[in-house]
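Below you'll find the structure, written out as structure tokens, and then a few comments.
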Amino acid sequence: LPRALAVPALLLLAACGSSAATSSSATPTPAPSATANSNPALAAALNAAEVSASGGFTQKSDGLLGSTPNTDSRVFTNSDSSLAVEIDIAADTGASTASSDYPAYQSAAAGQVTNATSTPPASLGQSSNEYVGTNTAGKIAASESFVEGRFIAVVTVIGNGSATSSVAQSTAESVAKAEDAKINSIGS
């Protein structure tokens, strides 16, 4: 990723308040003109079955992150829409550039959780951060960001209704660990 593209329009869930992830009939569509061969982020991104292992989620959307090449952004919701999960992946040109670009993604992840009640580091990849609290709309929010090799990932969970911060945090951690495992399985 060129330096000019290092700060994406990250985390569409939190930015929209009540995101498109809550629409009942959204059909996932693949990122435009992208395949796993031309966009390495697609090969690294979790699919619905892999996220479901973390709590029964259905995929609601899929596309490039802020129209940026070599990225993917997917949104999932659980069956009662009490949790929405957004997974953002960026494939950089190498591990050193991913490390250099990571602070911008980490900062964007941190910005999705205002009134953070905890920020213990997650144990993922070469660098990682975790934020738990509420978003600007007052909803429960948890965000995990990490860099693994040439990939940067951000997992954000927004709780609606009865979701607690501990449920959002454990869901974010579970999905982030699954994402880290998938990146490692394809060769970070």
Is any side-chain heavy atom of [X] closer than 4.5 Å to a side-chain heavy atom of [Y]?
| X | Y | value |
| --- | --- | --- |
| Val85 | Val155 | yes |
| Phe151 | Ile186 | yes |
| Phe57 | Leu46 | no |
| Leu83 | Val167 | yes |
| Val147 | Tyr105 | no |
| Ser128 | Glu144 | no |
| Asn160 | Lys139 | yes |
| Asn135 | Gln112 | no |

Distance check, rounded to the nearest 0.5 Å: [X] atom [atom1] versus [Y] atom [atom2]?
| X | Y | atom1 | atom2 | value |
| --- | --- | --- | --- | --- |
| Thr93 | Arg150 | OG1 | CZ | 8.5 Å |
| Ser82 | Ile140 | OG | CD1 | 11.5 Å |
| Leu65 | Asn70 | CG | CG | 11.5 Å |

Go through the steps for Glu179 and Phe146 under the test side chain to side chain contact (heavy atoms under 4.5 Å, CB included), then give the verdict.
CA-CA 10 Å; Glu179 184 58 60; Phe146 64 94; 4.0 Å; yes
Under-4.0 Å salt bridge between Arg74 and Asp62:
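The answer is yes: the pair qualifies as a salt bridge.
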Do you know the tightest heavy-atom contact between [X] and [Y]?
| X | Y | result |
| --- | --- | --- |
| Pro40 | Ala91 | CG-CB, 3.6 Å |
| Gly94 | Thr97 | O-OG1, 3.0 Å |
| Glu86 | Ser73 | OE2-OG, 3.0 Å |
| Thr156 | Ser143 | OG1-OG, 3.1 Å |
| Ala153 | Ile89 | CB-CD1, 3.6 Å |
| Asp72 | Ala45 | OD2-CB, 3.5 Å |

[X] (side chain) donor-acceptor with [Y] (main chain) under 3.5 angstrom:
| X | Y | result |
| --- | --- | --- |
| Ser174 | Ser170 | no |
| Thr114 | Thr134 | yes |
| Asn39 | Thr71 | yes |
| Ser100 | Ser96 | yes |

Determine, stepwise, if the pair Phe76 / Ile87 fulfils side chain to side chain contact (heavy atoms under 4.5 Å, CB included).
CA-CA 8 Å; Phe76 304 83; Ile87 304 169; 3.8 Å; yes
Any side-chain donor near an acceptor of the partner, Tyr131 and Ser145, under 3.5 Å
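The criterion, which ignores hydrogens and geometry beyond distance, is not satisfied for Ser145 and Tyr131.
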Quick one: do Asn184 and Glu148 satisfy side chain to side chain contact (heavy atoms under 4.5 Å, CB included)? Show the steps, please.
CA-CA 8 Å; Asn184 281 306; Glu148 182 68 72; 3.4 Å; yes
Transitive ILVMFWY side-chain link Val51 to Val157, under 4.5 Å:
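Linked, Val51 and Val157 end up in one cluster.
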Are Val132 and Ile158 linked, directly or through intermediate hydrophobic residues, by side-chain heavy-atom contacts shorter than 4.5 Å (ILVMFWY only)?
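Per the 4.5 Å side-chain linkage, Ile158 and Val132 are not co-clustered.
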